[in-house]
2 protein chains.
Amino acid sequence: MENKLIYYIRKWTDITREKEADVYKAFETISVKKKQKLLIPGDTCKYIYFITQGALRSWFVDDKGVEHIYQIRLENGWISDLESFFSQRPSKYYIEALEDSKLLRISYERLEALYIQVPSLERYFRILFQKAYINALERLNSTMWESAVDRYNNMMKENKDIFQRVPLVYIASYLGITPESLSRIRKKRQV
Amino acid sequence: MENKLIYYIRKWTDITREKEADVYKAFETISVKKKQKLLIPGDTCKYIYFITQGALRSWFVDDKGVEHIYQIRLENGWISDLESFFSQRPSKYYIEALEDSKLLRISYERLEALYIQVPSLERYFRILFQKAYINALERLNSTMWESAVDRYNNMMKENKDIFQRVPLVYIASYLGITPESLSRIRKKRQV
DNA sequence: CTCATTTCTTAACATAGGTCAAGTGTTTGA
DNA sequence: TCAAACACTTGACCTATGTTAAGAAATGAG
């Protein structure tokens, strides 16, 4: 199998070849063009997406009309609005491709059925959310207590690939600062 | 059963009375006095704790010696350092009781065994972490994009009980501001 | 009941990062 | 292929929140 999804499930759980096939069959492959939107506010998020190739971002627009990016994801990551997906209620987020991308998607009903058919999947997602939660708390601590410069440096260290592929405006927003500030930080660094 | 843990598991999963008993037996009940510590930096977090009564906080100390609170939890919540617990590596956090409290605790090995014995528990924790992750992202967005005043007002609306039971110094840190700032915010409000 | 400690408030001053405005490259799509 | 849209930078100025320092109020242990 050419994608990493099955690879990760296999890594974290005991799963039979047969069940792997069930999982694989439950996902649909889709291709999206750069700038194509997978979700807009008001719509309910029908799918969660595993990225096999490409890059996507997710953001919301505040009352003043300013965009705030809360996720940037590359291949082998998941993207969705989980709150909308799991509650099956309208989302406040956009999801859009930053590059032409290839995705695996699964719907809410299909996933619920699959949890029952393949209990290892429940374990996989338990571990996935556990890690995601720990990461989110780390990002929270860093946003609350580190300076913009430190956050920039950390991201440079840990997600260098994102800087090569994603416009700085989006990275600035993801870091919680303005593009102007990011520009100044980068200027200082080079000296 | 007098505590809410089984209640929540029952609410989110299909679990038999027999398996409920297995879960119940796997947890130990402990009592802690106000100011008693359950975890200090350098130690590995041996347990996750479900609070049946009381209040606890968790924090870390930065290189300048400043305390940063990242969790405040009341009864019917969980508290732990998940990163240390799941990796079984040393923690950088403190956990301490803010009031005399009663807790249910389970060790890493015991929990891993219980997942196998009671698959519904895997589902319970999958849903728990899913919700926790969604909350952490909400808190992140609010920290990044809302003013301290808005964060204070939201917390007042959603966690009024915490204000009645926890010193403001801790709440300020949890909100990502100094006690002085919180004091100013509260003063303005009353006018 | 009382002294020590903890918690909270206030004020003067400092600063990181935001805002506004303008300008220069660089893609992109008709 | 060339205008329009996007991406990035720079500078002058502004503001929310931090820092430092002090004191008042509340709480708690002996």
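Proteins get letters first, then strands, A, B, ... in listed order; numbering begins at 1 in each. Everything numeric in this text was worked out from a predicted model, so none of it was measured.
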Parallel, tilted or perpendicular, as decided by the 30° and 60° cut-offs, for the rings of A:Tyr93 and A:Tyr70: parallel
Under the salt bridge (charged side-chain N to carboxylate O under 4.0 Å, His left out) test, residues paired with A:Glu146 that sit two or more places apart: none
Rounded interatomic separation in angstrom, taking CZ from A:Arg57 and C1' from D:dA7: 13 Å
5' priority, DNA chain D, between A:Val166 and A:Trp145 [closest heavy atom]: A:Val166
Euclidean distance, atom CD of residue A:Glu96 to atom C1' of D:dC6 [Å, nearest integer]: 13 Å
Short side-chain N/O contact from B:Thr178 to OP1 or OP2 of D:dG18, under 4.0 Å: yes
Among C:dT10, D:dA7, C:dG17, the nucleotide that comes nearest once only the side chain of A:Ala148 is considered: C:dG17
Candidates B:Lys33, B:Lys35, B:Arg165 - the one meeting side-chain hydrogen bond (donor to acceptor under 3.5 Å, both in side chains) with B:Glu99: B:Arg165
Length of the CD1-P vector between A:Ile185 and C:dA16, whole Å: 11 Å
Nearest listed nucleotide, side chain of B:Glu180, among D:dT17, D:dT20, C:dT9: D:dT20
Length of the CZ-P vector between B:Arg186 and D:dT17, whole Å: 16 Å
Spacing of A:Glu99 atom CD relative to C:dT27 atom P, expressed in whole Å: 15 Å
Parallel, tilted or perpendicular: ring planes of B:Trp59 versus B:Tyr94, cut at 30 and 60 degrees: parallel
Approximate separation, where rounding is to 0.5 Å, of A:Ile30 CD1 and A:Gln36 CD: 7.5 Å
C:dG17 OP1/OP2 closer than 4.0 Å to side-chain N/O of A:Ser181: no
Spacing of A:Lys188 atom NZ relative to D:dT9 atom C1', expressed in whole Å: 14 Å
Closest listed nucleotide, where the reference is the side chain of B:Val169 and the choices are C:dT7, C:dG17, D:dC6: C:dT7
A:Arg184 (side chain) and C:dT19 (base): donor-acceptor pair under 3.5 Å: yes
Contact under 4.0 Å: A:Ser147 side-chain N or O vs C:dA16 OP1/OP2: no
Short side-chain N/O contact from A:Lys34 to OP1 or OP2 of C:dT28, under 4.0 Å: yes
Touch class at under 4.0 angstrom, heavy-atom based, for B:Lys64 against every strand present: nothing
B:Lys187 side-chain N/O to C:dA11 phosphate OP1/OP2 under 4.0 Å: yes
Nucleotide nearest A:Tyr170 when distance is taken to its side chain, options C:dC8, D:dT17, D:dA7: D:dA7
